[in-house]
Amino acid sequence: MFAHLEPYAGDPILTLNESFQKDPREGKINLSIGIYFDDEGKIPVLGAVRAAEAEIAAHVGPKPYLPMEGLAAFRSGVQTLLFGADSAALKAGRVATIQTVGSSGGLRVGADFLARWLPGSTIYLSDPTWENHRAVFQAAGRKVETYPYYDAATGGLRFDAMKAAIEQMPAQSVVLLHTCCHNPTGVDLTPDQWQALIPVFKARNLLPFLDLAYQGFGDGMDEDVYAVRALVAADVTFIITNSFSKSLSVYGERCGALSVVCPDADQAARVLGQLKATVRANYSNPPLHAGQLVATVLNTPALRQQWASELEGMRARIRLMRERLHAVLTARLPGRDFNYLLTQRGMFSYTGLTAEQADRLREQEGVYVLRSGRMCVAGLNSRNVERVAEAMAKVLAG
Ligand code: LMR
């Protein structure tokens, strides 16, 4: 039956992370996968999550299937988080939200939904983008293209080229955009740049599809959803998938959501129905515990507040690590510009290391970054940052 199968080539992120786990070297450092580690090098258990778990454990009850669209308290909590407590769009009932299996699940449900209801549309991804975006949309049979994004010469954004490309997209094209903390480059659009794109989305009749996996890791919980609120205010129809994996440090619980902002409540109801149909044909309904956990944090004011300040601490620690890495690298290689470490936002920096340099960093120094040159700066800590800087300087010096 399966004699003809090709061996799996592996995933550029997850397989590398597996290699890291198997690496017997004592001093190995994992800056490959997008996971926030604390200064002890551990995945933190947030106080807000611990308290929510205790609350859930104190009221263990029957465990029925959730509805196809997920837990109601989760869905309303997510809506408030993304669109704001006073959102007119929410009051008008024009947002359809479902709980998904992480935001990867949200991307896939969104991709399947588009395959059924906008079958001729092409998906445009930033160049570069998260390594798995293309695979998810192609697995749903979608045609995938790219638009210019990262400027290797400056470590910044090719905004004019990006806008010009969007201006050429056929009507009903889907434009996948990172809401904040772009993965893999850490290069984001400014509010002015979002505002410049909005009339283009409208004039060209394009469908933005936002991916929000790092809310709170950029400038703040509300600041990081600037694009969401701006698109709503401009009456753009759009899709957004969001994740709590990193922001609540609950990776394996698979907590995510998919929302579609529609022109009116009638369309939102039909969209919700078709999202449910898509979920039913995929995995029937999402996990109960994930829904309860996130809903408890979002809907308990004290926990919501605690979460916000814990996230602020994570954000500040990442900034500090960026500064320390920048300082040592600049001292070691004064001829080079490492400012990108300070300007790029969120968990990732695009280091400009080639695949061959990333291989050397891993093989000779035990420091794992992706072969694309992406480094997860959230894996740095006060004990390893200087060693990483020294190792990078050595590899860069040739
Ligand atoms: C990453 O980009 O490293 C994370 O989002 C983990 C993943 O699933 O790729």
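Ligands are counted one by one from 1 in listed order, and the atoms in each one are counted from 1 as well. Side chains are part of it too, since the values below use all heavy atoms of this structure and drop only hydrogens, waters and symmetry mates.
The closest approach between Ile33 and ligand 1 falls below 4.0 Å for a heavy atom of the residue. Ligand 1 has Tyr214 within reach: a non-hydrogen atom of the residue lies less than 4.0 Å from it. Between Glu131 and ligand 1 there is no heavy-atom distance shorter than 4.0 Å. Ligand 1 lies less than 4.0 angstrom from a heavy atom belonging to Arg374.
Only the side chain of Asn183 comes within 4.0 Å of ligand 1, counting heavy atoms alone; its backbone N, CA, C and O stay farther away.
For atom 4 (C) of ligand 1, the nearest non-hydrogen atom of the protein is Lys246 NZ, 3.1 Å. The protein heavy-atom contact nearest to atom 9 (O) of ligand 1 is Trp130 NE1, 3.0 Å.
Ile43 and Val45 fall into different hydrophobic clusters, where Ile, Leu, Val, Met, Phe, Trp and Tyr residues are linked whenever their side-chain heavy atoms come under 4.5 Å apart, directly or through other members. Follow the hydrophobic side-chain contacts under 4.5 Å out from Met169 and you reach Val200 in the same cluster.
Every atom of ligand 1 with a heavy atom of Gly34 under 4.0 Å away is listed here by number and element: 1 (C), 3 (O), 4 (C). Those atoms of ligand 1 that come under 4.0 Å of a heavy atom in Ile13, given as number and element, are 1 (C), 2 (O), 3 (O), 9 (O).
Ligand 1 has no nitrogen or oxygen under 3.5 angstrom from a nitrogen or oxygen of Leu14.
More than 12 heavy atoms of other residues, nucleotides or ligands shown are found within 6.0 angstrom of CZ on Arg383. Atom NZ of Lys91 has more than 12 heavy atoms from other residues, nucleotides or ligands within 6.0 Å.
To the nearest 0.5 Å, atoms CZ (Phe348) and CG (Leu31) are separated by 11.0 Å.
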Assess whether ring pair (Phe, Tyr, Trp, His ring centres under 6.0 Å) is satisfied between Tyr147 and Tyr124, documenting all intermediate values.
CA-CA 6 Å; Tyr147 58 84; Tyr124 288 85; 7.5 Å; no
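A cation-pi contact, defined as under 6.0 Å to the ring centre and within 45° of the axis, is absent between Arg315 and Phe217.
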